[in-house]
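See structure below.
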Amino acid sequence: MSSLLTNSSAMTALQTLRSVSSQLSTTQSRISTGQRVATASDNAAYWSIATSMRADNAALSAVSDSLGLSAATVDTEYTALNKVLGDSNSGLTKLQSLLVEAKTAGIDRSKIQSEITQIQQDMKNVAGAATFNGVNWLSTNATTPATVNLVSSFSRVGATPTTSSITVTVANYSLYTSTTSGILDTVTGSASVDTINIGALTDSAADQTTLDGYIAQVTAAIGTVASGAANLGAIKNRISNNSEFVKSLMDSVDRGIGQLVDADMNQESTRLAALQVQQQLGVQALSIANNNSQSILSLFR
């Protein structure tokens with residue numbers, strides 16, 4: 001039956017064209033955004049997972065930044081401790097050799113003391129300068145915390161986030177403190193390493209014993225400072241390893257998010273071409289269906 005009011009062919013063609021246009025819009029959106037799940041309406045479960053993982057990645061990025069700051073701080077303190085340890089020309093090593101030299105009978109100890117004083121001042125200056133971003137573990141005061149936590153990792157299991165940190169005990173590296181309880185300013189016997197003075201000592205047995213005490217004191221300080229430097233070296237390696245792991249973990253999370261929400265551009269480009277052809281054919285089919293109504297006019301001629 002030919003109907004003027006109801007064109008079934010046109011209705012079918014129009015419905016098909018609407019469907020193709022909707023699919024074409026979806027495909028064009030995926031191509032323009034690069035994502036097949038860009039909003040919650042695309043796939044609520046995958047969108048929720050991807051959003052949480054992006055938040056986790058942002059936290060990991062903050063951990064990476066924190067590790068960089070921690071690495072710089074530890075490296076500053078480590079470099080200063082090595083400088084205080086010194087070598088044959090500076091630091092505690094040189095101080096020890098000067099004290100041994102002062103044991104020589106008849107030597108001018110006042111001249112040796114002049115060099116010792118310069119070494120003492122240099123070590124104090126090095127400790128005072130070992131500051132990064134306002135942090136100094138070698139020359140401390142009342143406001144310096146007893147322990148420092150360096151953020152090293154972040155993880156989330158379910159809805160429970162967990163952060164891990166590397167704990168640094170500042171007292172293990174403090175050379176000078178406001179209460180003179182540091183490695184180099186703690187008084188043992190009659191003086192600290194920072195206040196050793198042999199200018200007035202003689203060749204007497206008592207003064208030789210005093211020199212032996214000073215040598216033992218400096219030797220002990222070398223061992224303590226070396227132990228502190230070794231600990232900081234280990235912390236440096238741990239921070240470096242954690243930093244590399246966090247960066248690798250961030251890359252893995254990015255890949256995981258991509259697997260969930262990224263569009264397959266090869267597939268979408270093929271689909272786009274097919275839908276464009278279907279759209280053109282749909283328009284032609286609708287045009288043909290609409291023209292069928294014109295044939296009714298011929299019945300009334």
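For the numbers below, each heavy atom of this structure counts, side chains included, while hydrogens, waters and symmetry mates do not. Source: prediction; values computed, not measured.
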Under 4.0 Å between a Lys/Arg side-chain N and an Asp/Glu carboxylate O for R36 and E268?
-> no
Would T167 and N149 satisfy side chain to side chain donor-acceptor pair (under 3.5 Å), going step by step from the backbone distance to the final call?
-> CA-CA 5 Å; T167 301; N149 292 321; 3.0 Å; yes
Quick one: does T186's side chain have a donor or acceptor within less than 3.5 Å of a partner on G182's backbone?
-> yes
Quick check: does any side chain N or O of S227 sit under 3.5 Å from a backbone N or O of G223, one acting as donor and the other as acceptor?
-> no
Which atom names give the shortest non-hydrogen contact between L138 and E77, and what distance separates them?
-> CG-OE1, 3.3 Å
Under 3.5 Å, is there a donor-acceptor pair between the S269 and N266 side chains?
-> no
Please confirm whether the backbone N or O of A45 pairs with a side-chain atom of S48, one donor and one acceptor, at under 3.5 Å?
-> no
Could you tell me whether the side chain of Q96 and the main chain of V218 form a donor-acceptor pair under 3.5 Å?
-> no
Please check if atom CZ in R54 has more than 12 non-hydrogen atoms from other residues, nucleotides or ligands closer than 6.0 Å.
-> yes
Could you tell me whether the side chains of E101 and S97 share a donor-acceptor contact shorter than 3.5 Å?
-> no
Under 3.5 Å, is there a donor-acceptor pair between the side chain of N57 and the main chain of M53?
-> no
Just checking, any donor-acceptor pair under 3.5 angstrom between side chains of N231 and N172?
-> no
Return yes if a side-chain donor-acceptor contact under 3.5 Å exists between S192 and T195, otherwise no.
-> yes
Here the pair of heavy atoms bringing Q208 nearest to T202 is NE2-O, 3.7 Å
Pair R30 + D264, salt bridge at N-O below 4.0 Å | no
Between R109 and D203, is there a side-chain N and carboxylate O pair less than 4.0 Å apart?
-> yes
Run through T76, T131, N141, T73 and flag the one making a side-chain hydrogen bond (donor to acceptor under 3.5 Å, both in side chains) with N136.
-> T131
Near Y46 OH, under 6.0 Å, is it more than 12 heavy atoms from other residues, nucleotides or ligands?
-> no
List the atom of A229, the atom of L81, and the distance in Å for their closest heavy-atom pair.
-> N-CD1, 3.7 Å
Between S32 and Q28, is any side-chain donor less than 3.5 angstrom from a side-chain acceptor?
-> no
Do the side chain of N237 and the main chain of A234 share a donor and acceptor less than 3.5 angstrom apart?
-> no
Check: A191 main-chain N/O paired with Q217 side-chain donor or acceptor under 3.5 Å = yes
Take S252 and R255, measure what side chain to side chain donor-acceptor pair (under 3.5 Å) needs, and give me the verdict at the end.
-> CA-CA 5 Å; S252 297; R255 287 193 295 270; 3.2 Å; yes
Hey, does the side chain of T177 reach the backbone of S181 with a donor-acceptor pair shorter than 3.5 angstrom?
-> yes
What distance separates D251 CG from S248 OG, expressed to the nearest 0.5 Å?
-> 6.5 Å
Any donor-acceptor pair under 3.5 Å from S204 side chain to D207 backbone = yes
S114 side chain to S110 main-chain N or O, any donor-acceptor pair under 3.5 Å?
-> yes
Can you tell me if CD on Q276 sees more than 12 non-hydrogen neighbours from other groups inside 6.0 Å?
-> yes
Taking every non-hydrogen atom, the tightest pair across A221 and L184 | CB-CD2, 3.9 Å
